[in-house]
Amino acid sequence: MAGGPARQYNNRLIRWVEYRMPIFSAVEATIGRDMPTPKNLNYWWSLGSVLFLALIIQIATGIFLAMHYIPNGAMAFDSVEQIMRNVNYGWLLRYVHANGASLFFAAVYLHILRGMYYGSYKAPRELLWIIGVVIFVVMMATAFMGYVLPWGQMSFWAATVITNLFSAIPLVGNGITTWLWGGFAVDSPTLQRFYSLHYLLPFVIFGISLLHVWALHVHGSSNPVGISTRSKQDTIPYHPYYTSKYMSVIGLSFIVLAFLVFYEPNFLSHPDNFKPADPLQTPANIVPEWYFLPFYAILRSIPDKLGGVVMFGASIAILFLLPWLDTSRVRSARFRPTYRYFFWIFVLDVIILGWVGAQHPEGASLLIGRLATAYYFAHFVIILPFVGWFERPRPLPESISKPVLKSGAAVAEAAE
Amino acid sequence: MTKLRGILTAAAVSLILATGANQVSAAEAEALPPAQDWSFNGLFGTFDRAALQRGYKVYKDVCASCHAMKYVAFRNLVDIGFTEGEAKALAEEYEVAGEPDEFGDPTTRKAALSDIFPAPYQNPQAARAANSGALPPDLSLITKAREHGPDYIRALMVGYEDAPADMTMGPGMNYNVYFPGHQVAMPAPLSEGMVEYADGTEASVEQMAEDVTTFLHWAANPELERRHQIGFQVMVYLILLTGLFLIVKQRVWRKLDH
Amino acid sequence: MATTAPHPGEEGPRRDFIFVAAISASAVGAGLAVWPFVNSMNPSRDVLAEATAEVDLTPIEEGQRITVLWRKKPVFIDHRAPAKIEEAEGVALGDLKDPQADADRVQRKEWLVLIGICTHLGCIPQGQRVGERLGDFGGWFCPCHGSHYDTSGRIRKGPAPKNLDVPPYSFISDTTIQLG
């Protein structure tokens, strides 16, 4: 089906281009004609499309905001207010951009959890997963630097705290932070370089996303059953089936985004960021944006500066190793009764970490944070390998087509 | 499976509730500002024009002697129901720095519509010097820059009381039920009848607090009415569109399911 | 069943209608969403607010020209001597590339107010400062591509297609004009 020789195109323009630069057949060679897709994908598989759209929204609003924003310590806060008050629809662009970041992260977390539940990272999709984690890391860097730009109190102190993480590195740490700041503290030079990188990185994300999509289409999407497609019976064309199926999810995401933008535009931000940056006064309780809270909690759980930074890095880096830490040969949690419980406990653990990240680091929340941090790592390095070894997976159906016929469980049980 | 999920969710929720409750009792210090039924709340919320204009009068006669509002210009007063002529007359009550004259000496001129509200102090140092070391914050964004926003600002205005006997107050500090730590440098700004409203409304402390809070919330969110208006249209559009997409999906997939 | 995937539109007009409705509704929404982006590049509210400027004419002596800034553009104010006025009024309209009587270009004869931007490609013509070239017609001369303007600011020679623009202004007193 894929990569057949010299397909004849009906559209004359396409033929004209194809003859001179065979780009259409090159794309078809990767994704296959009509993009055959497993027929049993559920709504959780729509998040990739949502993420692509979120990236486009962020880039589009960002480019227009950049036309009015001034990356200078003395003028940044004022220029944001200029956007909010005087630029035509400036408030709309800015609120969409700020809340769009939250939509982006909400979708990426669900996308990641979907991959974890259905074992989408397993062979032959390890590289696809790794590229995805790289995108996630670049996203975090982009979001962090973007949060600094309004130059409010939270912006300033987030920049100070996060850049200070690098000072934990032995010997060269202080040199690195000074280099990152371009001064002796976070100041205009820091803001200007963050702005430059905040503009650059989304395009890097876009580029890596193309690699992600390329890697995806080599073996195609995984699916809720977790067994590979075997025949034409198992697949349907992406268009119109999945385009029609996923448009409603995109619509729903837009509804959520629009509600935030128009009715609760500052629900996810912090009042302190409406105070201009003041290098002489730290806010009483500095918290990152909600999407960083679990990782922030891990950072603060470790009572040692270097240790905290290392664990913070490790909590993200460990995702790269996930395809090898999970020893089970069965992909989907549908057929993994034990893993399924641990998956939900892991989700709960991350939510607890998120809650801990928003509390003052003392008393009960500190203890809960330490336990939750320990469990976070235990999930990856102890539970996943052992469950993979000892779990008795339920029997897999013969093919994708079988369980989708009526009730998948019945077919699976009958095969036992 | 679903049962387990239910149990986990219940556990998570109760944990969050329990610790949230702890949070409140641990922070017994400040009273929670009572939530008000503001005209600008809700999906169709708009600003009460009369309250805005009264609120501007309170700001101008009371707050402006210490607090700047550097993001609001006289031209913006047209948005709260003043005519352009009225806004211009209000602007011209103030003298602002003009262009240097032909000898390079500083001049002053009457403020114009395009000028921002004049600041009461030249610089932060002067502001601190005049307020026993405390810096009166700029009020342009004040309702966005405080937890509980407008509810807190209103509560702060009416929250002055005598300090409890067992509390030692710092020199020049005032006791307020709602201020974090209870000791605030700003003395109670409002007193009965201190402002004379043009529309004859009685200027009780409560009334002035509400009016000035409405004005300040407008100053912080001048786009609010437009935002609500566009928002409603966008929401209706998106909900209908999503419904349409669901129908399309069903029709496309119907072939496959049988 | 699914070996050759069924395609939409096979059920006839009803289904087509839903498809067309969904696609056109999306397209209309996307189209409307473009407007905030485009409009954000138009002049912002604070820029529009500074669109008027008042000019005191008392210090300008007869024969003197001054330049003031209005909407970030140079505005020429020429206190014309009687000879210059006569010269401007004496031109036959037939000799003009962009025919316009001097009387239609001034509110008070002795005061000529012009936007000091050459109508060719936007340079600022010379003639405001003492010693600068006035061109062949005693008005202004644009050094970029050699356009000559007369004492009423009308194009007489060179590539410029139109006379120098007269900005909207009004005398708010005998000695003060308001631009814009």
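What you are looking at is a predicted structure, and each value in this text was computed from that prediction instead of being measured. Just so it is clear: chains get the letters A, B, ... in the order the sequence lines come, proteins before strands, and each one is counted from 1. FYI, side chains are in, hydrogens and waters are out, and symmetry mates aren't considered; it's all heavy atoms of this structure.
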*Mark yes when over 12 heavy atoms from residues, nucleotides or ligands other than Trp44(A) sit less than 6.0 Å from its CH2; otherwise mark no.*
no
Under 3.5 Å, which donor-acceptor pairs do the side chains of residues 53-65 of chain A form with other protein atoms, sequence neighbours left out?
{"from": "Gln58(A)", "atom 1": "NE2", "to": "His97(A)", "atom 2": "O", "distance (Å)": "2.9"}
{"from": "Thr61(A)", "atom 1": "OG1", "to": "Ile57(A)", "atom 2": "O", "distance (Å)": "2.7"}
{"from": "Thr61(A)", "atom 1": "OG1", "to": "Gln58(A)", "atom 2": "O", "distance (Å)": "3.3"}
{"from": "Thr61(A)", "atom 1": "OG1", "to": "His97(A)", "atom 2": "ND1", "distance (Å)": "2.9"}

*asked:* Using only non-hydrogen atoms and a strict under-4.5 angstrom cutoff, which residues of residues 25-46 of chain C touch chain A?
replied: Trp35(C), Pro36(C), Phe37(C), Asn39(C), Ser40(C), Met41(C), Asn42(C), Pro43(C), Ser44(C), Arg45(C), Asp46(C)
*Under 6.0 Å from the CD atom of Glu86(C), do we count more than 12 heavy atoms belonging to anything else shown?*
no
*Lys97(C), NZ: over 12 other non-hydrogen atoms inside 6.0 angstrom*: yes
